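First the structure, in the form of C-alpha cells, and then the observations on it.
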Amino acid sequence: MTEPAERVYPAAFIRDDRLDMFERRHPWVFSGAIRGVRGNPADGDLIELQTRDGAFLARGYWNGHSQIRVHVLTWDALEPLDDSFWRARLERAVAARAGLAQGERPAVRLVHAESDGLPGLIVDRYADWLVVQALTAGIEARKARLAEMLAEIVPGVRGIYERSDVDIRGKEGLPAAVGMLAGEEPPPHIEIDEDGRRFLVDVRHGHKTGFYIDQRANRSRLAGWLRLTPGAEMLNAFSFSGGFAVAALQGGAARAINVDSSAEALALARRNVELNGFAAQDEDFVAADVFHLLRQYREAGRRFDSIVLDPPKFAHSQQQVQSATRGYKDINLLAFQLLRPGGLLFTFSCSGLVSADLFQKVVFGALADTGRDAQILERLGAGPDHPVALTFPEGEYLKGLVCRVW
Ligand code: SAH
C-alpha cells in the first residue's frame, strides 16, 4: 500500500468530555471516546480525529473491530501520513539503536511499537534477518510496504520474516500470519552475538520472534553478580533456550540447571550451552513444570546458590492479575526456600499489568512466608532497545529484582 501525500481523510469526532486525552497524547483512542464518524473507513485506513466543530486533533489508523478504534500516529496537523512519514519513523527508530548491539551478528529490537511512534509494529533484528510482528489492522494493511522500506533502511538485511502469530491479533479481528515478507529465507537457526555470548535463534518456531532480546543486559548483569562467587550452582527456571544459563557459566558458575516445560526449548538450550564452549550434561536440562519441580526439590532438600525465575506472562487481562500474583508468590516463595544463605535470586515478571511496585510487594509476601531475610541488590528492566514512551506507560512490562537471601 502506497500512501499518497495529498488526501482527505475520513474523520472521527471525539466527545467533548474526552478531549483531555489529547493533552496527554496517549496513542490509543477507545470506542467510547468517539461520538461519530464521517466517511466509511475500512479497518486499517487512515483517519483524522477532530473536535465536534471539525478542528484537527490527531491522525492515525482506524479499526472498527477493535476496542482501540484509532491508534494515533501524529498530533501534528502539518504531518501527512504518506510514505515519507512511515519511512521517517522507521529511520528514526533504526538510527536510535546505533551502537546498542555489538558484534557482527547483532540481536536487537529495531522497532518497539507505540514507544517508537509506530503502534502495532515490532521489528527485531537477528544477524542478517529481520523478524516483523504486525499487531494491528493498520500495520497489517501496510506490512509489505514497511518491509520494503526496512530492507532499504537497514544495511545488510538478507530477508524479512513475519511472526504475527500472537493472541492480540484476535482483538483486532486478524488471523495469525507467518512467513516470508521479503528476500531470502532464514536458515533453521540464525546465530547471534550477545555481549560475548552466542545463541542459535529459531525464528520460525521460537517464542515471540525467536529470542528474548529484552533480557540481554540482565543476562550480563547476572554474569557480573556470579563472578563475585565463582563455582556457584545455578537453577535457571523457565529457561527457554538457555540464555541465563550461558551467562551464568560465563560468569563462572560450576553448573546451570535449565528447567522448561518445552522439550524443543531445552534441546536448543543444550546446543547453546555447547556453542559457548561448555560441556552439556543430560541432568542439566530438565523437562518439567517449574511449580511442581521446585516443590520436589524442596522436599528432597536440594539447595542452590542462585536461581533465575523468568516465567511467561501470567496476566493477560486485568481479571487475571490476582491469579498472576498468586503464581508469582508461589514460585518466589519456593525459590527463597531453595537458596543457600547468601544466595542470589533473579526474579522477573513480564506482565505489563503487574506493576514494579506490585511485583515487589508479591516478592516481599513470598519472603515473609519463609521467615528468612532478603535484600534487594538491584532492579532490572528491559534493555534500551525496548524504550518506553512517556506518553505510553503501558510499554513498560519487564521488571526484575536481584535479591540476596540470608
Ligand atoms: N528466560 C528465558 C525466557 C523465558 S520464556 C530467556 O532468557 O530466554 C518462558 C519459558 O517458560 C518458555 O520457554 C516456556 O516454555 C516456559 N514455561 C511456561 N510455563 C512453564 C511451566 N509451568 N514450567 C516450566 N516451564 C514453563
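Values reported hereafter were calculated over all heavy atoms of this structure, with side chains retained and with hydrogens, waters and symmetry mates removed. Values in this document were obtained by computation on a predicted structure and should not be read as measured data.
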### Query
Between Arg145 and Glu148, does at least one N-O distance fall below 4.0 Å, as a salt bridge requires?
yes
### Task
Report yes if the side chains of Leu181 and Leu130 come closer than 4.5 Å at any heavy-atom pair, otherwise no.
no
## Note on the structure
The residue among Thr136, Asp45, Asp43 that forms side-chain hydrogen bond (donor to acceptor under 3.5 Å, both in side chains) with Tyr61 is Thr136
### Message
Using a strict threshold of under 4.0 Å (side-chain N to carboxylate O), is an ion pair present between Asp20 and Arg24?
### Response
yes
### Task
Please check if the side chain of Trp129 supplies one atom and the backbone of Glu184 the other of a donor-acceptor pair under 3.5 Å.
yes
### Query
Would you say Asn272 and Leu200 make side-chain contact, with heavy atoms under 4.5 Å?
yes
### Task
Give the ring-plane orientation class for Tyr212 versus Phe240, where under 30° counts as parallel, over 60° as perpendicular and anything between as tilted.
perpendicular
### Task
Measure the spacing between CZ of Arg197 and CG of Asn276 and express it to the nearest 0.5 Å.
8.5 Å
### Task
Taking ring-ring contact (aromatic ring centres under 6.0 Å, His included) as the test, write out the residues that go with Phe238, two or more places apart.
none
### Query
Are Phe56 and Glu48 side-chain neighbours, meaning at least one heavy-atom pair lies under 4.5 Å?
yes
### Query
For Lys361, what residues pass the salt bridge (charged side-chain N to carboxylate O under 4.0 Å, His left out) criterion, not counting sequence neighbours?
Asp357
### Query
Side-chain donor-acceptor pair under 3.5 Å between Gln281 and Asp284, yes or no?
no
Below 3.5 Å, can you tabulate the donor-acceptor pairs from side chains in residues 391-406 to any protein atom, sequence neighbours excluded?
unit_1: Glu394; atom_1: OE1; unit_2: His26; atom_2: NE2; d: 3.0
unit_1: Glu394; atom_1: OE2; unit_2: His26; atom_2: NE2; d: 3.0
unit_1: Tyr397; atom_1: OH; unit_2: Asp214; atom_2: OD2; d: 2.7
unit_1: Lys399; atom_1: NZ; unit_2: Ser351; atom_2: O; d: 2.7
unit_1: Lys399; atom_1: NZ; unit_2: Val354; atom_2: O; d: 2.6
unit_1: Lys399; atom_1: NZ; unit_2: Tyr397; atom_2: O; d: 2.7
unit_1: Arg404; atom_1: NH1; unit_2: Gly342; atom_2: O; d: 3.2
unit_1: Trp406; atom_1: NE1; unit_2: Gln375; atom_2: OE1; d: 3.2

### Task
Please list, chain by chain and in numerical order, all residues satisfying salt bridge (charged side-chain N to carboxylate O under 4.0 Å, His left out) with Arg221, sequence neighbours excluded.
Glu378
### Query
Do side-chain atoms of Thr370 reach the backbone of Leu333 as a donor and acceptor pair under 3.5 angstrom?
no
### Task
Identify whether the distance between the nearest side-chain nitrogen and carboxylate oxygen of Arg295 and Asp330 falls below 4.0 Å.
yes
### Message
So, applying salt bridge (Lys or Arg N to Asp or Glu O under 4.0 Å) with Asp124, which one of Arg109, Arg163, Arg216 is it?
### Response
Arg109
### Query
Where do Phe346 and Phe244 land on the ring-ring contact (aromatic ring centres under 6.0 Å, His included) test, with the steps shown first?
CA-CA 10 Å; Phe346 301 83; Phe244 281 105; 7.6 Å; no
Do any side-chain atoms of residues 263-271 form donor-acceptor pairs under 3.5 angstrom with protein atoms, and if so which ones, sequence neighbours left out?
unit_1: Arg270; atom_1: NH1; unit_2: Asp282; atom_2: OD1; d: 2.7
unit_1: Arg270; atom_1: NH2; unit_2: Ala280; atom_2: O; d: 3.3
unit_1: Arg270; atom_1: NH2; unit_2: Asp282; atom_2: OD1; d: 3.4

### Query
Passes side-chain contact (heavy atoms from CB on, under 4.5 Å), Arg69 versus Val29? Steps please.
CA-CA 6 Å; Arg69 285 293 147 86; Val29 180; 5.6 Å; no
### Query
Do the charged groups of Arg340 and Glu233 touch, with an N to O distance under 4.0 Å?
yes
### Message
Checking Tyr126 against Thr209: is there a side-chain donor and acceptor pair closer than 3.5 Å?
### Response
yes
## Note on the structure
For Phe336, the ring-ring contact (aromatic ring centres under 6.0 Å, His included) test, sequence neighbours excluded, returns none
